[in-house]
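Beneath this line is the structure, given in structure tokens, with notes to follow.
All values reported here derive from a predicted model rather than from experimental measurement.
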Protein chains: 2
Amino acid sequence: MTNQPGIAVSTVIFALREGEGNKGLPALWLPLVRRTREPYLGDWALPGGPLSLEESLADAARRHLASTAGLTPRYLEQLYAFGDLARSGAERVVSIVYWALVGSAEASAAQEGNNVCWFSADELPTLAFDHQRIVDYALWRLRNKVAYAQIAHRLLGETFTLAQLRTVYEAILQRPLDPANFRRYVLARKQLEDTGAVLEGVPNRPPRLYRYVDASREQQPF
Amino acid sequence: MTNQPGIAVSTVIFALREGEGNKGLPALWLPLVRRTREPYLGDWALPGGPLSLEESLADAARRHLASTAGLTPRYLEQLYAFGDLARSGAERVVSIVYWALVGSAEASAAQEGNNVCWFSADELPTLAFDHQRIVDYALWRLRNKVAYAQIAHRLLGETFTLAQLRTVYEAILQRPLDPANFRRYVLARKQLEDTGAVLEGVPNRPPRLYRYVDASREQQPF
DNA sequence: GCAAAAGTGTTGCGACTACACCCATGA
DNA sequence: TCATGGGTGTAGTCGCAACACTTTTGC
């Protein structure tokens, strides 16, 4: 191992911000950090940093989430390893990128400042390196995965109404969903449990609160 | 980048071998390399090696395919980056693993010997490192992807009959498929073109030969 | 003609879509 | 009682599975 590329771990972190999307829907937001050195000095980049010898890849991702934005992910999955020759300026770096979902309570409590700033996922500033391409891919994966896996609830809290869950789907998929059919769709997946409680303080019929239960195995062996 | 893990690129290479599976079906085979140094000296491992500074990840995978087994992949896709602490013995190595499909003509012409040997995918010897887990994951991905993407034909030649393509599916999915329904299924995908030619020298009605055409975009942006 | 595989027709079921409709609550 | 979203019913469409059936070849 005489002369090898460096290894970095970065993460695309998705959270939901209320009422910022089309027609008052929630929208996807993500935190970026401002670069404090060359190359791309002053540009915005994905949170991340070099992989140290004594931590696993996922641990490195989690550590950077906590240290830069004070976040703990509700969902974390490896996205891709980016290793093109020209992607990182003069020195060669292979970036192993993760993507994460954080809950709504935690996202709204997250610190800004400290060179960290949140942006709407479809109105990003100019990004450093190939990070725009990476975000595009992460968005593509998120939209794909939401269509077949039960992960959207991880952008909410512990309990949620079906209407809240539906607006998450609508924000991610960027199209309206029929409330009646959506209800049947998610309930048929057998991953939601009726808590018995209802949401109070709404000006109409109070909706039931549901909780996610992972009865079945995860799809991937990791 | 003072003290960082090393980077290796390895590949799980799948090919089809005729008449080796259940009931004379083809079966999935893959080439392994015998280790010539510690750790795991003498055990079988996935083809691969360290990533050098002047090649991209996919190029490194392709180079190892060519140099160890003399193969050119018909399909190559990144599988996963494995980076657990204890996976590589004393020194820390992150392996970026690809998986590949090679055509039948090329697979049967591939060199054995030279510390390279082909094995049936479900009767592997004891593998070095975490390579058994990697192969399991690659098999899982292959079986999943065959169910929704048109890639099985890449284990055959340029042209093929629908019956040949069906046996590929059957070998991968390990269950019989209805010939009538399979025909309609793949033709409905609009990715096969009738060459006009038929396969001669069979003891019954000669089947048409088809060719793959990629009318639509790839799913992933890479 | 017969065997065997290629290829076509037909039916039924299950999942999703569209949309009509009823229910429960606050104001 | 009305407006509003929660929640249920129902009919049509589409894709696929099952399987009967016809076609085309070698022997």
Side-chain angles (χ1 to χ4, degrees), chain A residues 18-19 23-26 143-144 146-150 152-153 156 159-211 216, chain B residues 18-19 23-26 143-144 146-150 152-153 156 159-211 216:
Chain A
E18 298 297 325
K23 305 174 196 155
L25 277 178
R143 296 198 164 111
N144 256 64
V146 154
Y148 68 86
Q150 310 289 304
H153 65 95
L156 297 169
T159 65
F160 45 84
T161 70
L162 292 189
Q164 288 171 335
L165 187 61
R166 178 168 48 81
T167 60
V168 176
Y169 274 76
E170 290 176 337
I172 295 173
L173 301 176
Q174 297 180 302
R175 63 187 168 90
L177 299 174
D178 184 305
N181 295 331
F182 179 79
R183 152 181 300 274
R184 276 182 292 247
Y185 174 81
V186 292
L187 292 182
R189 295 294 164 283
K190 305 280 185 196
Q191 305 259 283
L192 294 187
E193 182 184 73
D194 191 339
T195 62
V198 294
L199 186 65
E200 315 270 349
V202 285
N204 40 31
R205 175 170 174 176
R208 298 182 202 160
L209 285 167
Y210 289 84
R211 174 192 302 121
S216 65
Chain B
E18 299 296 324
K23 304 174 199 156
L25 278 176
R143 296 198 164 112
N144 257 64
V146 154
Y148 68 86
Q150 309 290 304
H153 65 95
L156 296 169
T159 65
F160 44 86
T161 70
L162 292 190
Q164 287 170 337
L165 187 60
R166 179 168 49 81
T167 60
V168 176
Y169 274 75
E170 290 175 336
I172 295 173
L173 300 176
Q174 298 181 301
R175 63 188 168 91
L177 299 174
D178 184 305
N181 294 332
F182 179 80
R183 150 181 301 274
R184 276 181 292 245
Y185 174 81
V186 293
L187 292 182
R189 295 293 163 285
K190 306 278 186 199
Q191 305 259 282
L192 294 187
E193 183 184 71
D194 192 340
T195 63
V198 294
L199 185 66
E200 314 269 350
V202 284
N204 41 30
R205 176 170 172 177
R208 298 182 202 159
L209 285 167
Y210 289 83
R211 172 191 303 120
S216 64

Practice prompt. Taking only the side-chain nitrogens and oxygens of B:Arg183, find out if one of them lies under 4.0 Å from OP1 or OP2 of C:dA5.
Written response: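 No, outside the criterion.
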
Discussion item. Below the 4.0 Å mark, does D:dC16 have OP1 or OP2 next to a side-chain nitrogen or oxygen of B:Arg189?
Written reply: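 For D:dC16, OP1/OP2 do have a side-chain N/O of B:Arg189 under 4.0 Å.
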
Whole-Å distance separating the [atom1] atom of [X] from the [atom2] atom of [N]:
X	N	atom1	atom2	answer
A:Asp194	D:dG6	CG	C1'	13 Å
A:Arg205	D:dG5	CZ	P	14 Å
A:Phe160	D:dG6	CZ	C1'	16 Å
A:Leu187	D:dG6	CG	P	13 Å
B:Leu165	C:dA6	CG	C1'	15 Å
B:Arg166	D:dC16	CZ	P	17 Å
A:Asp178	D:dG5	CG	C1'	13 Å
B:Asn204	C:dG7	CG	C1'	12 Å

Would you say the side-chain atoms of [X] pair up with the backbone N or O of [Y], donor to acceptor, closer than 3.5 Å?
X	Y	answer
B:Thr195	B:Leu209	yes
B:Arg143	B:Ile172	yes
A:Gln174	A:Ala171	no

Using a 4.0 Å heavy-atom cut-off, does [X] contact any base of the nucleic acid, only the sugar-phosphate backbone, or nothing at all?
X	answer
A:Arg175	nothing
A:Ala188	nothing
A:Arg208	sugar-phosphate

Discussion item. Is it the case that the base of D:dG15 and the side chain of B:Arg184 share a donor-acceptor contact (distance under 3.5 Å, atom types as modelled)?
Written reply: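 Side chain to base: no pair present.
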
Worksheet item: Do the side chain of B:Asn181 and the base of D:dA18 come within less than 3.5 angstrom through a donor-acceptor pair of N or O atoms?
Response: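 Under the 3.5 Å cut-off, the side chain and the base do form a donor-acceptor pair.
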
Fill in: Residue whose closest nucleotide on DNA chain D lies nearer the 5' end, A:Pro203 versus A:Ala180
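By nearest-heavy-atom nucleotide position, the 5'-most residue is A:Pro203.
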
Discussion item. Would B:Arg189 and B:Tyr185 count as a cation-pi pair here, with the cationic atom under 6.0 angstrom from the ring centre and within 45° of the axis?
Written reply: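 Satisfied, under 6.0 Å and within 45°.
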
Discussion item. Using heavy-atom distances to pick each residue's nearest nucleotide on DNA chain C, tell me which of A:Pro206 and A:Tyr185 is more 5'.
Written reply: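 In this pair, the answer is A:Tyr185.
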
Worksheet item: Are A:Phe160 and A:Tyr210 near enough that their ring centres are under 6.0 Å apart?
Response: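 Between A:Phe160 and A:Tyr210, the centre distance exceeds or equals 6.0 Å.
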
